[in-house]
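Scroll down for the structure; my scribbles are underneath it.
Start at 1 and go down the list; that is how both ligands and their atoms are numbered. Note that these values count all heavy atoms, side chains included, but never hydrogens, waters or copies made by symmetry.
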Amino acid sequence: MSSIQICPSILNADRANLPHEISRIASDADWLHLDVMDAKFVPAFTFDFNECAKIIAASTLMVDAHLMISNPDDVAPEYAAVGAKSVTFHLEASTTPSQTLKAIRKTGSRSGIAIKPDTPVVELFEFMDYADMFLIMTVEPGAGGQSFMRDMMPKVRVLRDLISQNKGQQWIQVDGGITLDTILEARLAGANAFVAGSAVFRADDPGHMVQALRERAMSAQL
Ligand code: DX5
Ligand code: ZN
């Protein structure tokens, strides 16, 4: 199965002091997960495109952009163009998902497509040829610090089985409520990329927490 990727989300970090926050996880994390919210697709607003471009340029970690925005089709490849090495948009917000995935890939970045908890996993199947990552939301998108929805695990299992049958290399990411108590369950279901916001940035030592999450995920007997 694909290698483990730990992706701390800066949503609940000290956003006024991002370089410092990033430095606390830079040698332990695989990606910096950047939650982009536009106050339309979700009620909250985080960063506009120019702010994201600055964060991406300044990050010593590769950026995994999670676009919780309406109308992502034109702008998603722009995030890749300014340096995000992975760009994920929501199926529910897209009118041309296959083309958008292809356009992201064309830049050399990884293409990702996400579904909210109410969206059936079967809706992702047709993107097997165009997506490098599928994001199964394990909370309702929009805020950090919510509880892990373990009833999303069957979606992860179904998708992992399909990827295995196709001998695919796609990653499965889970986002929301990932902690030391939940990461193993998500790993056992077949996820390999784990977003963790509050678990990491509310820890006394965020770098150490990233290591602990990785070790817990690696302890899975698959
Ligand atoms: C929620 C965001 C998440 C959020 C996760 O809409 O997509 O990335 O930061 O936060 P935790 O890990 O606290 O659930
Ligand atoms: Zn996210």
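There is no side-chain donor-acceptor pair under 3.5 Å between Gln173 and Thr88. Side-chain polar atoms of Ser86 and Asp132 form no donor-acceptor pair below 3.5 angstrom. For His20 and Asp14, the side-chain atoms include no donor-acceptor pair closer than 3.5 Å. Of the N and O atoms on the side chains of His208 and Asp28, not one donor lies less than 3.5 Å from an acceptor on the other residue. Donor-acceptor pairing under 3.5 Å is lacking for the side chains of Thr46 and Asp35.
Summary of contacts: the protein heavy atom closest to atom 13 (O) of ligand 1 is Ser198 OG, 2.4 Å. The protein non-hydrogen atom at the shortest distance from atom 2 (C) of ligand 1 is Asp35 OD1, 3.4 Å. Protein heavy atom closest to atom 10 (O) of ligand 1, with residue, atom name and distance, is Gly144 CA, 3.5 Å. The closest protein non-hydrogen atom to atom 9 (O) of ligand 1 is Ser9 OG, 2.8 Å. The single protein non-hydrogen atom nearest to atom 14 (O) of ligand 1 is Gly177 N, 2.8 Å, given as residue, atom name and distance. If you check which protein heavy atom lies closest to atom 1 (C) of ligand 1, you get Ala143 O, 3.5 Å. Scanning the protein heavy atoms around atom 12 (O) of ligand 1, the nearest turns out to be Gly197 N, 2.7 Å.
Interface of Pro141 with ligand 1, defined as ligand atoms under 4.0 Å from a residue heavy atom, comprises 6 (O). Of all atoms in ligand 1, numbered sequentially from 1 with element shown, those under 4.0 Å from a heavy atom of Met68 are 6 (O), 7 (O). Counting atoms of ligand 1 from 1 in the listed order, those under 4.0 Å from a heavy atom of His66 are 7 (O). In summary, the atoms of ligand 1 found under 4.0 Å from a heavy atom of Val195, numbered by their order in the structure, are 8 (O). Set against the non-hydrogen atoms of His33, the atoms of ligand 1 under 4.0 Å away are 8 (O). Of all atoms in ligand 1, numbered sequentially from 1 with element shown, those under 4.0 Å from a heavy atom of Ala196 are 12 (O).
Ring-plane geometry between Trp31 and Trp171 is classed as perpendicular, the angle between the planes exceeding 60 degrees on a 0 to 90 degree scale with a lower cut at 30. Ring-plane geometry between Tyr79 and Phe49 is classed as perpendicular, the angle between the planes exceeding 60 degrees on a 0 to 90 degree scale with a lower cut at 30.
Between Gly176 and ligand 1, a contact under 3.5 Å exists for no N or O pair. Geometrically, ligand 1 and Glu140 share no nitrogen or oxygen pair separated by less than 3.5 Å.
Residue Gly142 places a heavy atom less than 4.0 Å from ligand 1.
Lys85 has no carboxylate O lying under 4.0 Å from a charged side-chain N of Asp64, or vice versa, which leaves the two without a salt bridge. Contact check on Arg214 versus Asp30 returns a salt bridge, with a Lys/Arg side-chain nitrogen under 4.0 Å from an Asp/Glu carboxylate oxygen.
Transitive grouping of hydrophobic side chains (ILVMFWY, heavy atoms separated by less than 4.5 Å) keeps Ile136 and Met68 in distinct clusters.
Angle OD1(Asp35) to the Zn ion (ligand 2) to ND1(His66), rounded to 10°: 90°. Asp175 contributes OD2 and His33 contributes NE2; the angle these two atoms make at the Zn ion (ligand 2) is 100°, rounded to 10°.
A cation-pi arrangement, defined by a distance under 6.0 Å to the six-membered ring centre and an angle within 45 degrees of its axis, is absent between Lys54 and Phe47.
Compare Asp175, Val174, Val42, Thr88 by their heavy atoms: the one nearest to atom 7 (O) of ligand 1 is in Asp175.
Checking each of Gln5, Gln170, Arg160 against Asn192 for a side-chain hydrogen bond (donor to acceptor under 3.5 Å, both in side chains) leaves exactly one that passes, namely Arg160.
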